[in-house]
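All remarks here apply to the structure that follows.
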Amino acid sequence: MRKFLKVSLKFQWKTILVIFALIVIQTFFQMEIIDLFSAALTGVKEQNIDLLVKSGSYMLMYTVISVIAIYVISYLSTRVASNAAYTVREKIFHILMNLPGEELKQFKISGLVTRSTRGMSSEQGFIVIILTQLMLVPVTLVAIIYEIALIDTTYAIFFLAFVGVLSLILIWRMKQIVKIFFRAKKTYGKLNLMFLSKISDIAGRIPFNKQEYEAEFEEACENSYDKNVTYILSQYYLGPVLLWGLYAIVLITFAMVNSGYTIGFETDSVVDSFVILIYVAYFVSTLTFLPALIDRWPRAYATSVRLEEVLNLEDKTIKSKSADNPKAIEIVEEDVSWPDKGIWAERKEISQKFTLILKDDRIKVTLSMILLTISTLCMVYAPKVAGKTVNLLSSNMNSFNDAGVYFNLALLLALYSAGYLLKLTPKRIMGILGEKVAYNLRMGLFDGIDAVGPTFIKENSKGLIMSRLNNDVMNIREFVSSRFSEIYAQILSIVLVIVLMMMTDFRLGLIYLAILPVYIISFSLCDYKSKDYYDGHQKHLGRLMSYFERGLSNRDAFHEKGFKKLNQTVIDYYAKSRNVTNIMGPVTTLLTNVSNITVYMAGIYFLSVGEIQLGTLLVVIMYGQLLTKPIKKLSTSMASIETAFSSIKRIFAIIDYQKEE
């Protein structure tokens, strides 16, 4: 991966340093917000209302600064990823078009087309994850360790050691998972080759035995299914188990306090423990991307290795015969596509197609949703038990080893364990189901291209048809495997958290309830504004595949200027689509932070006048954290939703072609 990163990010280190600086600024002000909350809690004892007002004002100011930093980070990260894709594609295209024939014969055209277009699109997403989320983790960890060390050095060392052990386990396991994924990825080569062979035969009107073709392609699909299922079974459990391990720190902290361990230099160990728990909860909230990283890392690594196979041949290039040839490869704009409809009519039909995809596995999908519902209920009820535990600790500050506290800790362990373990079966079911969906769509496409006919393929390009197999099928598979169940769990979690929050304290619950209409309106507007950009990106990515395929098939007709223009068009649509959906990140942070700050201040005031207990405030704050995570994840899911919708349209335009004719 080093060679790939060196080429793709060669001239972008200054921008990356700016992103890193902004991440530090964002983290600093987020830590300051928690510090101000800690100071306000201390002011409760002194009945210092001025301190509460001052703390709240500074919190709001720091929130605005954080929101600005988040949007600039998202914008710059999208630009870096776009420039990286443009640079690598241009360099690879140049190498392939100027490579000696004997060197080019080492590769299959279908494989070169896929790695340079679909593969590079995957790398774009991975680069964005690195810049916006992975880089945030060490910065946040350092900040939190520092803040905790100011309260209790011993606990800070314990926390760092715990996180270190989990990180080592993750790295060790990921090395094994990458090897398994390489075996799964190799199966795509034969699928692409056979698909391209059939398209070529149809375009050239070459007679072929349809039954033999289909039998061989079906065998290749089954082999790919088996290898990918093996890969899913090797990693589906890793993300939930690691997050469960992080939540175990919270329970250990409670047990330490109850057993007589004094946290902090003050005599009030419960308040210090309370602040530490908020720091730990914030750190866990920065790791919600962990399952996505575990899924993307093997794919990104394998793709980078394949891209480097071409990049390493740069010194073997020769001057192409077509260097002085002004003729460019013209790609006809016509494509097999759905007729234009209104957005609601289109979304309704897409939903029907998606339901059709899952029709044969409704029982499995229903079982997954039931298990996710039980899992979410366990996770949502846990803060209530945590609040009761804090109240017990607060009321028994002069006594230790309270049996009631240990009972609550055992119940918390059971709830968190059930919450995370019950996610494993749906993750496994939907992962395998995603592979089955990919299998069925591949077979449907393989059969559907017969109806498209030789005239269309010959006048346009094989790449336009092929992009459905190696780009759109993959998009839908990923959506079914992970995003679909996640989105259901996120929506369910938001609803349940709001209900239980209102039951805990109606006044504080109303504060969080007020942000939901604003969030829904913002989400809908971004969805509406980004739809055409996502459709355009998928369309022009298919045209880029066409350009690659035609150029590799007839290098003498190649002209580099035509490729640069099309490459830039793809990048422009990618950047525009992401810049619209990236708005949801800072909007979500602003809404949730303002809600959290309002709850902090109102809760501390109610605490100071004796209307609520410390445990009640903890419950509402933990619910706020539970509400923040699904809202943020739902916002980041927008790109996957729009991409999947675009891909469903493009695939069924082929599968349903003969029905329309």
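These numbers come from the heavy atoms of this one structure, side chains and all, not from hydrogens, waters or symmetry mates. One-based numbering along the sequence shown.
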Would you mind reporting whether [Y] and [X] have side-chain heavy atoms less than 4.5 Å apart?
{"X": "Phe28", "Y": "Val139", "value": "no"}
{"X": "Leu372", "Y": "Leu492", "value": "no"}
{"X": "Val385", "Y": "Tyr381", "value": "yes"}
{"X": "Gln30", "Y": "Thr27", "value": "no"}
{"X": "Leu293", "Y": "Phe126", "value": "yes"}
{"X": "Leu166", "Y": "Phe162", "value": "yes"}
{"X": "Phe479", "Y": "Ile487", "value": "yes"}
{"X": "Pro586", "Y": "Leu590", "value": "no"}

Distance-only criterion, 3.5 Å: show the donor-acceptor pairs between side-chain atoms of residues 494-512 and protein atoms not counting sequence neighbours.
| residue | atom | partner | partner atom | Å |
| --- | --- | --- | --- | --- |
| Thr504 | OG1 | Lys384 | NZ | 3.0 |
| Thr504 | OG1 | Leu500 | O | 2.8 |
| Asp505 | OD1 | Arg507 | N | 3.2 |
| Asp505 | OD1 | Leu508 | N | 3.0 |
| Asp505 | OD2 | Arg507 | NH2 | 3.3 |
| Arg507 | NH1 | Glu611 | OE1 | 2.5 |
| Tyr512 | OH | Asn596 | OD1 | 2.5 |

So, [X] side chain and [Y] main chain: donor-acceptor pair closer than 3.5 Å or not?
{"X": "Ser595", "Y": "Leu591", "result": "yes"}
{"X": "Gln12", "Y": "Val80", "result": "yes"}
{"X": "Ser577", "Y": "Tyr574", "result": "yes"}

Which heavy atom of [X] sits nearest to which heavy atom of [Y], and what is that distance?
{"X": "Ile129", "Y": "Arg296", "answer": "CD1-CD, 3.1 Å"}
{"X": "Thr132", "Y": "Ser77", "answer": "CG2-OG, 3.2 Å"}
{"X": "Met430", "Y": "Val480", "answer": "CE-O, 3.6 Å"}
{"X": "Pro630", "Y": "Gln490", "answer": "CB-O, 3.6 Å"}
{"X": "Ala382", "Y": "Tyr416", "answer": "CB-CZ, 3.8 Å"}
{"X": "Ala156", "Y": "Ile145", "answer": "O-CD1, 3.7 Å"}

Please report the interatomic distance [atom1]([X]) to [atom2]([Y]), rounded to the nearest 0.5 Å.
{"X": "Ile641", "Y": "Ser646", "atom1": "CD1", "atom2": "OG", "result": "12.0 Å"}
{"X": "Ile520", "Y": "Leu525", "atom1": "CD1", "atom2": "CG", "result": "12.0 Å"}
{"X": "Leu371", "Y": "Met369", "atom1": "CG", "atom2": "CE", "result": "9.0 Å"}
{"X": "Ile16", "Y": "Ile130", "atom1": "CD1", "atom2": "CD1", "result": "9.0 Å"}
{"X": "Ser74", "Y": "Arg79", "atom1": "OG", "atom2": "CZ", "result": "13.5 Å"}
{"X": "Asp295", "Y": "Ser482", "atom1": "CG", "atom2": "OG", "result": "5.5 Å"}

Inset, instruction - Dump the intermediate steps for side chain to side chain contact (heavy atoms under 4.5 Å, CB included) on Val518 and Ser522, then the final yes or no. - result: CA-CA 6 Å; Val518 181; Ser522 301; 4.3 Å; yes

Inset, instruction - Return yes if a side-chain donor-acceptor contact under 3.5 Å exists between Asn475 and Thr643, otherwise no. - result: no

Inset, instruction - Assess the side chains of Ser368 and Tyr488: does a donor N or O sit below 3.5 Å from an acceptor N or O? - result: no

Inset, instruction - State yes or no: are the ring centers of Phe283 and Phe159 separated by less than 6.0 Å? - result: yes

Legend entry - side chain to side chain contact (heavy atoms under 4.5 Å, CB included) between Lys427 and Tyr237, worked out: CA-CA 8 Å; Lys427 196 170 178 64; Tyr237 59 87; over 6 Å; no

Inset, instruction - Go through Arg578 and Tyr534 one step at a time and tell me if the side chain to side chain contact (heavy atoms under 4.5 Å, CB included) criterion holds. - result: CA-CA 9 Å; Arg578 268 60 182 182; Tyr534 278 97; 3.2 Å; yes

Inset, instruction - Quick one: do Phe354 and Phe645 satisfy ring pair (Phe, Tyr, Trp, His ring centres under 6.0 Å)? Show the steps, please. - result: CA-CA 9 Å; Phe354 186 71; Phe645 282 179; 7.9 Å; no

Inset, instruction - Step through the shown structure and confirm whether more than 12 heavy atoms of other residues, nucleotides or ligands are within 6.0 Å of OH on Tyr533. - result: no

Legend entry - Greater than 12 external heavy atoms within 6.0 Å of Arg173's CZ: yes

Inset, instruction - Evaluate the criterion side chain to side chain contact (heavy atoms under 4.5 Å, CB included) for residue pair Met31 and Tyr279; output intermediate values, then yes/no. - result: CA-CA 8 Å; Met31 293 299 103; Tyr279 280 124; 3.9 Å; yes

